[in-house]
Amino acid sequence: MGRVKRKKQFRLAQYLGVFMLILTSGAAVRNIAGEVVCGIFVVTSFVVFIRYKSNWWCVKTSNLLVFCILFISFVFNYLIHIQYSPSIGAYIAFILSIVGTFFLAEGLSFKDFQSLYVNTMTALSTASLLLYSLAYVLPLSSYVYISPASSTARLFFLHNFYAFDKGRNCGIFNEPGLYAVFLCIAILFVLQDEYRNSRQKGILLLLFSISVITTVSTTGYIVLAIEMVPIFKKIMDSQKNIKLKVLVSLLVVPIVIFLFLKLYYSDAFYTKVVLGKGSFGTRINDLMNSFVILRKYFNLGTGINTTVMINEYNYYGHVNNSVGLLVTMIYMGAWYGLFYMITASVRTFRQMKNPVLILVIMFVFSLSQSILQYPICFMFLFYFKSVNGEKSRITSKGLT
């Protein structure tokens, strides 16, 4: 009985660690108390780490090396820009995020993390869809609508279901596009899940796909279409299930055509792409200006939220930090961005399925979201716990 209880407690700690990873990676609550949220993430990740390690002081040398490089980089970057009033809170949040990610990667295998992440996102997206639907059916707009300017009131599902007056689903995140990132990552993990059968995968893919659609994120739609290609190809290449092939052809092809035409002829597409206004125009502006700023601070960067960075952004009309990779380089210097890209690519190829698809999708998202500075992307810089030939201990039903 005691052993079963300890297993349940450990499972809860694992889920809490993954949930805190998601929470520190762009949830609205991080805007209120970033250092506190990141601190809780470190504690929960450390619990997972010491519980899974019999000799907890033994860690992978490669992970320790990456951790030290990241840690020293942020400390060094803060010190060399200290005369420009950098945001010490931002640096603390970054360092805590790196520490928590390191512990979580050392304490979980990738298969474990993948299943925990999918299960957590299943609960979040289900709750989000339910409340999002209720916001339309019931007169709840006065309760669930919160102005984007009032960031101190952004808490979990009460945040901005009518984001920017367009009826977009944000989930627990700052904005709909970021929510779409996490949903698309969940879809990637479902596609390479070895535990769930085809029926379970189909239900999850439908849930996450509907959730992506409710975000009304252009980038989310593009990535969702990319992710649907291997699914469609696998079904069409199968020698069995002729009826399924016909059904998929009758459903998927018209839906894809409908979505494409709807997107192409929508006011949002015309405003963003044709007129170059809205978020598309902002991101193009950010992209071009980021190159200009990066050339000026190529080696050491501007620092995070320093007076130098703020003055450069104001001078060039740099509205948002939407081009994640270039923004990271602007903060820390080009060498840091190069180290980040090489390390993430090597880790992804060595421990994940469909590494090219994963890297392409993450690159697409990094052009519209500043996700590279969040723990969810720091996870790609570390090797997960080795399973050593054993079966993963987390399944869709929980700890086994």
Side-chain angles (χ1 to χ4, degrees), residues 19 22 26-28 114-115 117-138 140-141 144-145 156-193 196-232 234-235 244 247-264 266 268-269 357 361 364-365 368-369 376 396:
F19 175 70
I22 296 172
Q114 177 179 276
S115 187
Y117 180 91
V118 170
N119 292 344
T120 303
M121 285 302 301
T122 299
L124 292 176
S125 58
T126 300
S128 180
L129 275 179
L130 175 62
L131 293 174
Y132 178 73
S133 301
L134 288 175
Y136 275 101
V137 176
L138 302 177
L140 299 176
S141 59
V144 299
Y145 178 78
F156 296 100
F157 297 108
L158 294 181
H159 162 62
N160 214 359
F161 281 104
Y162 290 94
F164 316 112
D165 293 321
K166 294 180 182 178
R168 301 175 64 184
N169 187 0
C170 294
I172 64 173
F173 296 91
N174 283 330
E175 55 97 17
L178 188 57
Y179 184 30
V181 173
F182 284 82
L183 291 168
C184 289
I185 291 176
I187 291 174
L188 278 175
F189 287 168
V190 170
L191 293 178
Q192 53 187 350
D193 196 319
R196 296 177 174 85
N197 56 39
S198 299
R199 181 174 176 273
Q200 291 173 323
K201 287 184 178 182
I203 294 173
L204 289 175
L205 290 173
L206 180 62
L207 172 66
F208 294 140
S209 297
I210 293 174
S211 297
V212 171
I213 292 173
T214 61
T215 66
V216 197
S217 168
T218 304
T219 307
Y221 287 175
I222 294 172
V223 171
L224 179 62
I226 295 174
E227 291 178 325
M228 291 298 107
V229 171
I231 300 176
F232 186 76
K234 183 177 181 180
I235 294 175
L244 179 61
L247 179 62
V248 169
S249 299
L250 292 176
L251 291 178
V252 173
V253 175
I255 290 174
V256 171
I257 295 175
F258 170 77
L259 289 176
F260 173 78
L261 293 175
K262 182 176 178 59
L263 180 64
Y264 183 78
S266 67
F269 182 86
L357 177 64
I361 288 175
V364 171
F365 273 127
S368 62
Q369 299 289 335
I376 187 64
S396 58

Looking at every heavy atom in both [X] and [Y], which two are closest together, and how far apart are they?
X	Y	value
Met121	Phe182	CE-CB, 3.9 Å
Glu227	Cys184	OE2-O, 2.6 Å
Leu124	Tyr179	O-OH, 4.3 Å

Separation of [Y] [atom2] from [X] [atom1] (nearest 0.5 Å):
X	Y	atom1	atom2	value
Leu183	Thr214	CG	OG1	7.5 Å
Leu204	Leu191	CG	CG	10.5 Å
Ile172	Ser125	CD1	OG	10.5 Å
Leu207	Thr126	CG	OG1	4.5 Å
Met228	Leu205	CE	CG	5.5 Å
Ile361	Thr219	CD1	OG1	12.5 Å

Among Ile187, Val190, Val118, Leu206, side chain to side chain contact (heavy atoms under 4.5 Å, CB included) partner for Lys201: Val190

Among Val181, Ile185, Ile22, whose side chain to side chain contact (heavy atoms under 4.5 Å, CB included) with Ile376 holds?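 Considering Val181, Ile185, Ile22, a side chain to side chain contact (heavy atoms under 4.5 Å, CB included) with Ile376 is found only for Ile185.
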
Can you say whether the rings of Tyr117 and Phe189 are parallel (under 30°), tilted (30 to 60°) or perpendicular (over 60°)?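 Aromatic pair Tyr117/Phe189 classed perpendicular.
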
Between Ser128 and Asn169, do the side chains contain an N or O donor and an N or O acceptor separated by less than 3.5 Å? yes

